[in-house]
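Please read the structure below before turning to the comments.
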Protein chains: 2
Amino acid sequence: MIKEPKHDPKKCTQHIMAVHDAMYILNGRWKISIIASLCFNTLRFTDLLREVEGISGKMLSRELKNLEENQLVTRTVLNTQPITVEYQLTEYGHTLKEVIDSLAKWGYNHRKKITGKE
Amino acid sequence: MIKEPKHDPKKCTQHIMAVHDAMYILNGRWKISIIASLCFNTLRFTDLLREVEGISGKMLSRELKNLEENQLVTRTVLNTQPITVEYQLTEYGHTLKEVIDSLAKWGYNHRKKITGKE
DNA sequence: TGTTACAGTTACTTTTAGTAATCAGCTGAC
DNA sequence: GTCAGCTGATTACTAAAAGTAACTGTAACA
């Protein structure tokens, strides 16, 4: 007996594949948090180290490189003393804002559910 | 000199924290893909093994347990021969649909950008 | 001269994930 | 009756990823 699918299997597969593609870029524990932090402000390395809770210098450095390679973030060395480096979302990086916002919304509600508080 | 923030720092922190909370639940390479697969259909263990591209039995088993603990998925043993086990999103699991959809949308556009094809 | 801040990097350890084999219960074929 | 195959896993072993803490080098500050 051939199963009658409840939904268009082609659309399902496309949907699942698209999620897979997105997660391939956003893989690892830190990228989404880094992007979320950069959604509001341009930040320096040390700022990010403070904002992204729990990340180490090594991982931050590595993840930023990867985000730069994928054209989601730009790195700008400023001519200050000591030198400072600014990271900011590219225009393309900002297209992730919707994803970040829906995650934030869910996370916010989840915290309410778990703690029972506002 | 105290920096004048461009945005409400309280709201920023809340936003970033909310994303952090969401990612704490959705951590690892597989959970989001599993949830995406279950968005459309109830699926059996073996179905998921096929649908979630690249996952191993060990990881699938582990991730499903974790999702069950977090009340995003239910596990139902059916009285068939051989026994089959159905996994489905809980009502709470379905609240992630918006997240999944925005990821799918982004992933779909990203693929277009990279391949230049539809 | 010693301390601090900047943006990382390096060597080493721990954790997590991947691979492939195996388990147990049952069916149907030979 | 026993062998292969399906179900949903689990186990031992290996490889990859992430975490930790120390360190680099430049320059301002005290």
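Quick caveat, the model's predicted, so the values are computed rather than measured. We name chains A, B, ... by the order of the sequence lines, and we start the count at 1 in each one.
- One interatomic measurement links the two molecules: CG of A/N66 to P of D/dA18, which rounds to 10 Å at whole-angstrom precision.
- Checking side-chain atoms of A/D101 against main-chain N and O of A/E98 turns up no donor-acceptor pair under 3.5 Å.
- Residue-to-nucleotide proximity on DNA chain D shows that, of B/K65 and B/I83, the 5′-proximal contact is made by B/I83.
- Separating the CZ atom of B/R62 from the C1' atom of D/dT11 is a distance of 11 Å, rounded to the nearest angstrom.
- Considering only side-chain N and O atoms, B/R75 lies under 4.0 angstrom from the phosphate OP1 or OP2 of D/dA9.
- Between the CG atom of A/D47 and the P atom of C/dG8 there is a distance of 12 Å, rounded to whole Å.
- The separation between A/E53 atom CD and D/dG19 atom C1' is 16 Å, rounded to whole Å.
- For the pair B/I55 CD1 and D/dT10 P, the computed distance is 13 Å after rounding to whole Å.
- Checking side-chain atoms of B/T115 against main-chain N and O of B/R111 turns up a donor-acceptor pair under 3.5 Å.
- Nearest to the side chain of A/Y87, among C/dG8, D/dA27, C/dT27, sits C/dG8.
- Nearest-nucleotide positions on DNA chain D place B/R50 closer to the 5' end than the other of B/R50 and B/M59.
- Between B/S61 and D/dT10 there is a side-chain polar atom (N or O) within less than 4.0 angstrom of OP1 or OP2.
- Note on B/W30: a side-chain N or O is less than 4.0 Å away from OP1 or OP2 of C/dG18.
- For B/N66 (side chain) and B/E63 (main-chain N/O), no donor-acceptor pair under 3.5 Å exists by modelled atom type.
- Between B/R29 and C/dG18 there is a side-chain polar atom (N or O) within less than 4.0 angstrom of OP1 or OP2.
- Between the side chains of B/K105 and B/N109, no donor-acceptor pair is found at a separation under 3.5 Å.
- At whole-Å resolution of the value, NZ in A/K58 and P in C/dT10 are 11 Å apart.
- Distance B/L43 CG to D/dT7 P: 14 Å, rounded to the nearest Å.
- Backbone-only contact: B/T84 has heavy atoms under 4.0 Å from sugar-phosphate atoms and none from a base.
- Across the protein-nucleic acid pair, A/L60 atom CG and C/dG8 atom C1' stand 10 Å apart, rounded to whole Å.
- Classification of the A/F40-B/H15 ring pair by plane angle, with boundaries at 30° and 60°, yields perpendicular.
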